[in-house]
Structure formats: C-alpha cells, structure tokens
Amino acid sequence: MNLIDIVGLFAGICVTISVIPQIYKIWKTKKVKEISLLTFSVLTFGVAVWIVYGILKNDLPIIVTNSVSLFLNLVMVYFIIYYEKEK
C-alpha cells in the first residue's frame, strides 16, 4: 500500500465514522425530528455512486470506505423512517 492509498483510507475513515455519533444518539433517544430524510437519502445515493466510481477506477480505498459509509447511512435512513413512524 502506498502513501496515496493510506491518505485515501484515512480520509475515507474520517468521513465514514462521522455519522456514528448521530446513529448512536438516535438509537438511544429514538428522536429523529431534527434529522432530514431528504439529506440522508441524497447522501446515501451519492455514496453509492462513489462505490461505482471506485469500482470503475479499481480504487480499493474508495470502494471500502464508501461501502462502510453506505451501510451506516442506510442505518440512518432506516432509523429516520422507523422512528418517524412511531410518533
């Protein structure tokens, strides 16, 4: 692994883990009133497109970090929909 890949992985990890505190907060409080479904839906779609881009470029850091990010953002979308219905 070269320096460019390491920098790419580090950047991807930082962006990917940034949503974890929000997921944890929603999981504990069950409150999503202030969270935008549209924003997280567009973000999730964008991350999916990044995965396709990474596959086309054969760029493992992009594929791996965005795959984890896709999963976490799908969890957020699920929580927003699920907890919004519970009102």
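For residues 50-69, the pairs satisfying ring pair (Phe, Tyr, Trp, His ring centres under 6.0 Å) are W50-Y53, with sequence neighbours left out.
N66 contributes no side-chain N or O that, together with a main-chain N or O of S69, makes up a donor-acceptor pair within less than 3.5 Å.
Residue V42 is not grouped with residue I35 when hydrophobic side chains (ILVMFWY) are merged at heavy-atom distances under 4.5 angstrom, including chains of intermediate members. Follow the hydrophobic side-chain contacts under 4.5 Å out from L37 and you reach Y83 in the same cluster. The hydrophobic clustering, which links ILVMFWY residues whose side-chain heavy atoms are closer than 4.5 Å, places V7 and L60 apart. If you chain together hydrophobic residues whose side chains sit under 4.5 Å apart, I81 and I26 fall into the same group. No single ILVMFWY cluster, assembled from side-chain heavy atoms under 4.5 Å apart, contains both I55 and V52.
Rounding to the nearest 0.5 Å places CG of L74 at 11.5 Å from CZ of F40. Atom OH of Y24 sits about 6.5 Å away from atom CH2 of W27, to the nearest 0.5 Å. Note: D5 CG to D59 CG = 6.5 Å, rounded to the nearest 0.5 Å. Note: T65 OG1 to I17 CD1 = 11.5 Å, rounded to the nearest 0.5 Å. Distance CD1/I51 to CD1/I63: 9.0 Å, rounded to 0.5 Å. Annotation: the span from S18 atom OG to I13 atom CD1 amounts to 12.5 Å, rounded to 0.5 Å.
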- Task: Begin from the C-alpha positions of V49 and F45 and carry the test side-chain contact (heavy atoms from CB on, under 4.5 Å) through to its verdict.
- Result: CA-CA 6 Å; V49 175; F45 178 75; 3.8 Å; yes
- Would you sort out whether V19 and M76 count as a side-chain contact (heavy atoms from CB on, under 4.5 Å), showing the intermediate values? CA-CA 8 Å; V19 74; M76 275 296 296; 3.6 Å; yes
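When the shell of 6.0 Å around CG of N58 is examined, it contains 12 or fewer heavy atoms from other residues, nucleotides or ligands. With a 6.0 Å radius and a threshold of 12 heavy atoms from other residues, nucleotides or ligands, L56 has its CG atom above the threshold.
Looking at residues two or more places apart in sequence or on another chain, you find a side-chain contact (heavy atoms from CB on, under 4.5 Å) between V68 and T16, L72. Partners of S36 by side chain to side chain donor-acceptor pair (under 3.5 Å), not counting sequence neighbours, listed by chain and number: T39.
Nearest heavy-atom pair, G8 versus P61, reported as atom, atom and distance to 0.1 Å: C-CB, 4.2 Å.
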